[in-house]
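First up is the structure itself, then whatever we jot down about it.
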Amino acid sequence: MAETGNANTAANANDDKTTTHTNVVHHHHASSSHHNSTHTNAGGLGTTQTTTTPTSEGNNNNNPRKVDEEYVLPISYGSCAYWLGKKADEYHSHEWTVFVRGQNNGDLRDAIESVTFQLHPSFAEPKRVLTEPPYEVTETGWGEFEIGIEIRFHPEVGEDKEKLTANLKLFPDADEIAKSGPQTTKKPLVVEHREELIFHKPRKTFWEKAIKKRKTIDEETGKVSFAYDECEAKSKHEALWKQREAKMRDDEELMKLWCAQKVTEERCRVLKAQLMVLEGQLLD
Ligand code: SLL
């Protein structure tokens, strides 16, 4: 049901061994139109900046959708593993955490009802259901495996569940060791995927509730902006995420500057061409 798009970006958030991918996952409702827009939203939950125009279907009680909008939920998921060093034994060489979080610690509670992590059957009660943030499971073990992640949304969101997979990684690759040195008990091995779940034409009730909280209007300019709610529930790796996300934001700022420069260059080229035409006309 989900469709992924956009380019992947790999980024080293700090000196830790890190892999990050950014994706956009589009959620389509059967009757919603197809959008190919890609969003970059630095501040957690967000939205496109179009005006709210409830469609005719929005007034139909049998189909309590819709607001002609896109709701963007930027999430990040993956794993974070520490080698136990002296504390390691044969079956417990690493402590690891598998997680689903809001990007920039954005609060996912408005949209998410539960996150289920399906662990390897060698773990006691391998199906772990979390109904509150932090949506994460921390365990100790010896081996890598695929962790199934199922995100369920509140009924009022009106979206299908989202299925993801996190490949638990405990051991750095040879090239990672070459780059960052051997594994220590201090440096976590982090694999993080960043995605934006996009809900096309969300239900009116959900939209209004979620957006009302975030909408702030600048008194002077009248500009509407969307603040994001920081999630208070602390992840075990809070300090690490803070560092990583500060770095991520810096990278995003640099990217924006670079894009702005490219736009200006292009504009200059067009203006120069127009000037040449005008000069030509003057000479005629
Ligand atoms: C492998 N396919 O063979 C993988 C399986 C399973 C890891 C890895 C259990 C720890 C415990 C654990 O780490 N299982 O018994 O508490 O490499």
Side-chain angles (χ1 to χ4, degrees), residues 1-2 4 8 10-23 25 75-103 105 108 112-152 161-195 197 231 233-244:
M1 167 80 185
T4 39
N8 282 347
N12 262 337
N14 50 30
D15 285 333
D16 302 325
K17 300 175 197 85
T18 303
T19 315
T20 305
H21 303 284
T22 305
N23 272 316
V25 178
I75 66 158
S76 131
Y77 70 96
S79 67
C80 173
Y82 289 88
W83 178 49
L84 287 171
K86 277 199 210 99
K87 287 189 229 147
D89 64 42
E90 195 183 349
Y91 293 104
H92 307 99
S93 58
H94 289 76
E95 182 182 281
W96 53 259
T97 301
V98 60
F99 61 86
V100 172
R101 344 171 23 248
Q103 286 181 33
N105 205 29
L108 303 178
I112 291 182
E113 183 178 74
S114 69
V115 177
T116 303
F117 296 98
Q118 188 66 50
L119 308 184
H120 189 267
S122 54
F123 287 90
E125 294 174 36
K127 186 175 170 176
R128 309 286 172 89
V129 184
L130 283 288
T131 54
E132 289 288 328
Y135 304 108
E136 61 182 41
V137 171
T138 299
E139 274 291 352
T140 55
W142 55 267
E144 299 178 337
F145 59 95
E146 223 176 58
I147 301 178
I149 302 176
E150 190 178 281
I151 303 177
R152 284 175 183 270
K161 53 184 181 256
E162 174 72 32
K163 286 187 173 173
L164 305 165
T165 310
N167 288 308
L168 174 63
K169 191 166 151 81
L170 305 182
F171 309 99
D173 303 332
D175 56 335
E176 287 167 333
I177 294 173
K179 201 168 147 236
S180 319
Q183 195 163 34
T184 71
T185 54
K186 299 271 169 352
K187 277 192 219 164
L189 178 53
V190 181
V191 178
E192 183 180 8
H193 305 274
R194 290 163 85 88
E195 290 206 350
L197 305 182
C231 187
K234 297 274 179 271
S235 158
K236 200 165 184 278
H237 307 291
E238 186 74 11
L240 172 69
W241 305 131
K242 283 248 156 76
Q243 267 179 40
R244 288 162 58 72

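Scope of the values below: all heavy atoms of this structure, side chains included, with no hydrogens, waters or symmetry mates. One-based numbering, in listed order, for ligands and for the atoms of each.
- Among all non-hydrogen protein atoms, the one lying nearest atom 15 (O) of ligand 1 is Ser122 O, 4.0 Å.
- Within the set His92, His94, Glu139, the minimum heavy-atom distance to atom 16 (O) of ligand 1 is found for His92.
- There is a side-chain donor-acceptor pair under 3.5 Å between Glu192 and Ser76.
- Between Phe171 and His94, the ring-plane angle classifies as perpendicular under the 30° and 60° cut-offs.
- Of the N and O atoms on the side chains of Ser122 and His120, at least one donor lies less than 3.5 Å from an acceptor on the other residue.
- Under 4.0 angstrom from ligand 1, the non-hydrogen atoms of Glu144 all belong to its backbone.
- Ring to ring, Trp96 and Phe117 are not that close: their centroids are 6.0 angstrom or more apart.
- For ligand 1, the atoms closer than 4.0 angstrom to any heavy atom of His120 are 5 (C), 6 (C).
- Scanning the protein heavy atoms around atom 13 (O) of ligand 1, the nearest turns out to be Trp142 N, 2.9 Å.
- Lys169 has a carboxylate O that lies under 4.0 Å from a charged side-chain N of Glu176, or vice versa, which qualifies the two as a salt bridge.
- Ligand 1 places these atoms under 4.0 Å from at least one heavy atom of Gly141: 10 (C), 13 (O).
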